[in-house]
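Quick note: residue numbers are just sequence positions, from 1. Computed from a predicted model, the values in this text were never measured in an experiment.
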Amino acid sequence: MRPGRELDCFVAENVLKHPIKVKQRQLWEITELGERPLKKYTRDMAAAWEIAEKMGITVIPVQPNTWFAFVGKGGRWENPAEFIAFLQKGDFLQSGAAVGEDPAETICQAAFHAIQKTPMAQAPTVEENPQLN
C-alpha cells in the first residue's frame with residue numbers, strides 16, 4: 001500500500017477502529033472523543049506510536065537511518081531473549097514486518113502487513129473510493 005493518506009486511512013480504520021469521513025473536502029477520523037482531522041500516521045512519529053502501542057509493534061534501528069518494525073505475538077516482548085526465541089520458532093502466520101528509512105511509515109507498513117494476514121475487514125483504497133482523495 002502506498003504511504004501517505006491511503007495508509008493513514010487504513011491504519012486509522014483497521015488498527016484504531018476510527019471510521020473515516022470526508023468533511024469540508026478533508027479526511028476526518030471519528031474517535032471515541034469525537035471527530036478530528038485524520039492524523040498523519042505515516043509521517044508523525046507521535047501518531048504512529050499510537051499504532052505501535054495498539055499492535056505491540058517492536059521497532060529496532062538496524063543501520064543508520066533504517067528501521068525494522070515487527071508485529072509478532074500481539075504484545076511486547078519482556079526482553080531480547082524472548083524476542084529471539086519467538087524469531088527462532090518461525091511462527092509468523094499472524095506477523096507483519098517492514099524495513100524503511102522513516103520510522104513512522106515503517107510502523108504503519110508493518111501494521112498493514114500484519115492486518116493483511118488476518119480475516120479483518122480491509123479499508124477501501126483511494127482507487128476504490130475517490131472521496132478519499
Side-chain angles (χ1 to χ4, degrees):
M1 176 171 285
R2 293 181 305 185
R5 299 314 268 169
E6 184 177 13
L7 187 52
D8 291 341
C9 288
F10 183 89
V11 295
E13 289 189 323
N14 289 282
V15 176
L16 301 175
K17 306 299 184 204
H18 295 169
I20 303 297
K21 73 178 198 174
V22 177
K23 177 180 170 182
Q24 300 167 346
R25 299 169 75 185
Q26 293 185 359
L27 295 170
W28 288 67
E29 58 187 310
I30 303 167
T31 73
E32 302 80 31
L33 301 175
E35 296 177 2
R36 67 181 181 205
L38 178 65
K39 288 187 177 184
K40 296 180 179 181
Y41 295 102
T42 58
R43 297 287 173 238
D44 177 10
M45 189 57 195
W49 200 250
E50 287 182 58
I51 305 301
E53 287 290 321
K54 181 82 173 190
M55 293 192 72
I57 297 175
T58 300
V59 183
I60 303 168
V62 291
Q63 33 181 305
N65 300 318
T66 305
W67 298 87
F68 173 69
F70 186 78
V71 182
K73 65 175 187 160
R76 296 235 187 296
W77 288 274
E78 294 297 319
N79 55 57
E82 189 179 298
F83 178 61
I84 290 169
F86 175 83
L87 294 175
Q88 288 174 335
K89 284 181 18 185
D91 182 17
F92 304 126
L93 290 177
Q94 301 296 315
S95 300
V99 175
E101 293 178 2
D102 182 272
E105 182 181 319
T106 305
I107 287 168
C108 293
Q109 289 286 355
F112 170 76
H113 292 299
I115 289 169
Q116 291 296 310
K117 292 182 174 185
T118 63
M120 300 169 80
Q122 298 170 14
T125 64
V126 171
E127 289 81 18
E128 294 167 351
N129 187 350
Q131 280 189 312
L132 297 179
N133 270 335

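No option in E29, E105, E50 other than E29 meets the side-chain hydrogen bond (donor to acceptor under 3.5 Å, both in side chains) test with Y41.
Considering all non-hydrogen atoms of both residues, M45 and A104 come closest at SD-N, 3.8 Å. Contact detail for V62 and F68: the closest heavy-atom pair is CG1-CB, 3.5 Å. Considering every non-hydrogen atom in both A98 and T106, the closest pair reads O-CG2, 3.3 Å. The minimum heavy-atom distance between I20 and A12, with the atom names listed, is CD1-CB, 3.8 Å. Nearest heavy-atom pair across A111 and V11 is CB-CG1, 4.3 Å. Scanning all heavy atoms of the two residues, the minimum distance from A97 to H113 falls at O-CD2, 3.4 Å.
W49 has its side chain within reach of E53: a pair of non-hydrogen atoms, C-beta onward, lies under 4.5 Å apart. In this structure, the side chains of I51 and K54 stay at 4.5 Å or more apart for every pair of heavy atoms. V59 has its side chain within reach of I107: a pair of non-hydrogen atoms, C-beta onward, lies under 4.5 Å apart. Two residues are said to be in side-chain contact when any heavy atoms from C-beta on lie closer than 4.5 Å; H18 and L38 fail this criterion. At least one side-chain heavy atom of Q116 sits less than 4.5 Å from a side-chain heavy atom of F10.
In this structure, SG in C108 is found 12.5 Å from CD in E6, a value given to the nearest 0.5 Å. In this structure, K39 NZ and L27 CG are separated by 15.0 Å, a value rounded to the nearest 0.5 Å. Between the CZ atom in R5 and the CD atom in Q26 there is a gap of 8.5 Å [rounded to 0.5 Å]. Distance check, rounded to the nearest 0.5 Å: CD of Q63 to CD of E101 gives 9.0 Å. One distance of note links CG of N65 with CG of D102; it measures 10.5 Å at 0.5 Å rounding.
Using a distance-only test at 3.5 Å, with no hydrogens or angles considered, a donor-acceptor pair links the side chain of D8 to the main chain of T42. Checked by atom type and distance alone, the side chain of W28 never pairs as donor or acceptor with a backbone atom of E35 at under 3.5 Å. Checked by atom type and distance alone, the side chain of D44 never pairs as donor or acceptor with a backbone atom of K40 at under 3.5 Å.
Enclosure of atom CG in N79 by more than 12 non-hydrogen atoms of other residues, nucleotides or ligands within 6.0 angstrom is indicated.
Criterion: ILVMFWY side-chain heavy atoms under 4.5 Å apart, direct or through other members. Under it, I84 and F70 are not part of a common hydrophobic cluster. V15 is not connected to I30 by any chain of hydrophobic side-chain contacts under 4.5 Å among Ile, Leu, Val, Met, Phe, Trp and Tyr, and they are in different clusters.
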